[in-house]
Amino acid sequence: MSFSQKILKWYGQNKRELPWRATKDPYKIWLSEIMLQQTRVAQGMPYYHKFLEAFPTVYDLANAKEEKVLKLWQGLGYYSRARNLHATAKIVIDKYEGKFPSTYKELKGLKGVGDYTASAIASICFNVPEPVVDGNVYRVLSRYFGVDLPINSPKGVQYFKQLARDVMNTENIRDYNQGIMEFGAIQCAPKKPYCLLCPLNDGCVALKENKIGGLPVKLKKTKVKDRYFNYLVILDKDKCTLLEQRHGKGIWQNLYQFPLLESEYVLEIDELQEQIAQQSALPSLQTIKLFNEKEIVHKLSHQNLHTRFWILEARDAIKDGISWEQVHTFPVPVLIAEFIKIFKI
DNA sequence: AATACGGGGGA
DNA sequence: TCCCCAGTATT
């Protein structure tokens, strides 16, 4: 039996029943693929259901406010996916009359759709013989064929794509592509795969050469930067507060947060008051109190956000203030959502 | 070619 | 802690 035939056989016997496996609707497949980028199935699942409920068709998604899309995406991370999702829905309506294109090339042209996702949609929905190469596939191929090229080097990316193409099954690309990914997720797992019971163990180079633990090879880890966030939770007598939207580059684009004072180190209270005094846009304040004595360290893949929340009492009614009851309706980062949850006004 | 972009889960 | 997750866009 060939490699691809073994994958297909294993898939037939071991696949999970996942909601997006019961359909070929490009809208649903696309939605699931975007959500599952760098995201575990278990984490994406509730979002998939929420989105289909809120936006049953691509038209519903295209016609929604970005804020609503971001709110539903809240907590899933990599928010550019949500913004691109929304933008692409509009493009599908305007340029493709509501029908997703069926070629790899056209799909790849959609925002947020890269090499992997274009291959996935083309193969799963339209039976186009394009191999998918995701983290699972890198692992399976590097181990089975004993390839130690770094998977995140240009050489490696190119090599694995070609290898994937060479060994794919073009007869049933839909099941094969999902099969090799599922095999990587369930059987050929990152840590302690149970090779003893693996149906592909006889041809596996890494197993034979005892290199399972060292494959795939991945270059360097990211260095993490420390940042110091001071959030100003301003409240007036009507229980109104101030939220602002994050614009420009960087994390959490278009999400909301309390007014932020970023500093190079942990600020003393008088230093903070000095900074506040220089912010002409802020309302006049009466009192200031530190909410969390111990800083909250919110960890992202590239940043540790050392965060303190300050509760400020406004002298007058806040202009354009947001009622505290409404705060939870805005799309916010998890860091802010957690605060809103525990803060009792 | 390198880096930024979230958040959560498992060992 | 560290690594990884159905990767993509930008520099």
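Below, read A as the first sequence line, B as the second, and so on, with proteins coming before strands; counting in each chain starts at 1.
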With sugar-phosphate meaning primed atoms plus P, OP1 and OP2, does A:Gln253 contact a base, only sugar-phosphate, or nothing at under 4.0 Å between heavy atoms? nothing

Can you find a side-chain donor-acceptor pair between A:Arg315 and A:Gln286 that sits under 3.5 Å? no

Any side-chain N or O of A:Arg139 under 4.0 Å from OP1/OP2 of C:dC4? no

Expressed as a whole number of angstroms, how long is the span from A:Lys191:NZ to C:dC4:P? 7 Å

Outermost nucleotides of DNA chain B that come under 4.0 Å of a non-hydrogen atom of chain A: B:dA1 to B:dG10

Side-chain donor-acceptor pair present, A:Lys71, A:Gln74, cut-off under 3.5 Å: yes

Checking all strands, does A:Gly44 fall into the base, sugar-phosphate, or nothing category for heavy-atom contacts under 4.0 angstrom? nothing

Spacing of A:Leu31 atom CG relative to C:dA6 atom C1', expressed in whole Å: 13 Å

Write down the distance between CG (A:Leu219) and P (C:dC4), rounded to a whole number of angstrom. 12 Å

Among C:dA6, C:dT11, C:dT8, find the nucleotide with the atom closest to the side chain of A:Gln37. C:dT8

Is A:Lys341 paired with A:Glu338 through a side-chain N to carboxylate O contact shorter than 4.0 Å? yes

Using the P atom as the reference point in each nucleotide, state the distance between B:dA4 and C:dA6 in Å, no decimals. 24 Å

Distance check needed: C:dC5 P versus A:Ile151 CD1, whole Å only. 7 Å

Side chains of A:Tyr116 and A:Glu33, donor plus acceptor under 3.5 Å: yes

Across the strands shown, which category fits A:Lys223 at heavy-atom distances under 4.0 angstrom: base, sugar-phosphate, nothing? sugar-phosphate

Under 4.0 Å, heavy atoms only, any strand: does A:Val137 hit a base, just the sugar-phosphate, or nothing? nothing

A:Leu261 versus A:Leu267: any side-chain heavy-atom pair under 4.5 Å? no

Verify the cluster assignment for A:Phe160 and A:Ile180: are they in a single hydrophobic cluster under the rule of side-chain heavy atoms below 4.5 Å apart? yes

Mind checking whether A:Phe339 and A:Tyr231 have ring centres under 6.0 Å apart? no

Nearest 0.5 Å, please: how far is SG in A:Cys204 from OH in A:Tyr144? 7.5 Å

Do A:Ile336 and A:Trp252 have side-chain heavy atoms sitting under 4.5 Å apart? no

Just by distance, do the side chain of A:Gln253 and the backbone of A:Tyr79 share a donor-acceptor pair under 3.5 Å? no

Rounded to the nearest angstrom, tell me the gap between atom CZ in A:Arg40 and atom C1' in C:dA6. 12 Å

Across all strands, who's sitting opposite C:dT8 as a Watson-Crick or G-U wobble pair, both distances under 3.5 Å? B:dA4

Return the value, rounded to whole Å, for the distance between atom OH of A:Tyr138 and atom P of C:dG7. 10 Å

Could you verify whether a donor N or O on one side chain and an acceptor N or O on the other, from A:Thr117 and A:Gln37, lie under 3.5 Å apart? yes

Within residues 104-123 of chain A, which residues have any heavy atom lying less than 4.0 Å from an atom of DNA chain B? none

Touch class at under 4.0 angstrom, heavy-atom based, for A:Ser80 against every strand present: nothing

Could you tell me the separation between the CD1 atom of A:Ile34 and the P atom of C:dC5, rounded to a whole number of Å? 18 Å

Could you check whether A:Leu76 gets within reach of a base, just the sugar-phosphate, or nothing at all, counting any heavy atom under 4.0 Å? base

For a quick check of understanding: with a heavy-atom distance under 4.0 Å over all strands, which category does A:Gly75 fall into, base, sugar-phosphate or nothing? sugar-phosphate

OP1 or OP2 of C:dG7 less than 4.0 angstrom from a side-chain nitrogen or oxygen of A:Gln38, does that happen here? yes

C:dT11 and B:dG6: how far apart are their P atoms, nearest whole angstrom? 15 Å

Under 4.0 Å, heavy atoms only, any strand: does A:Trp73 hit a base, just the sugar-phosphate, or nothing? nothing

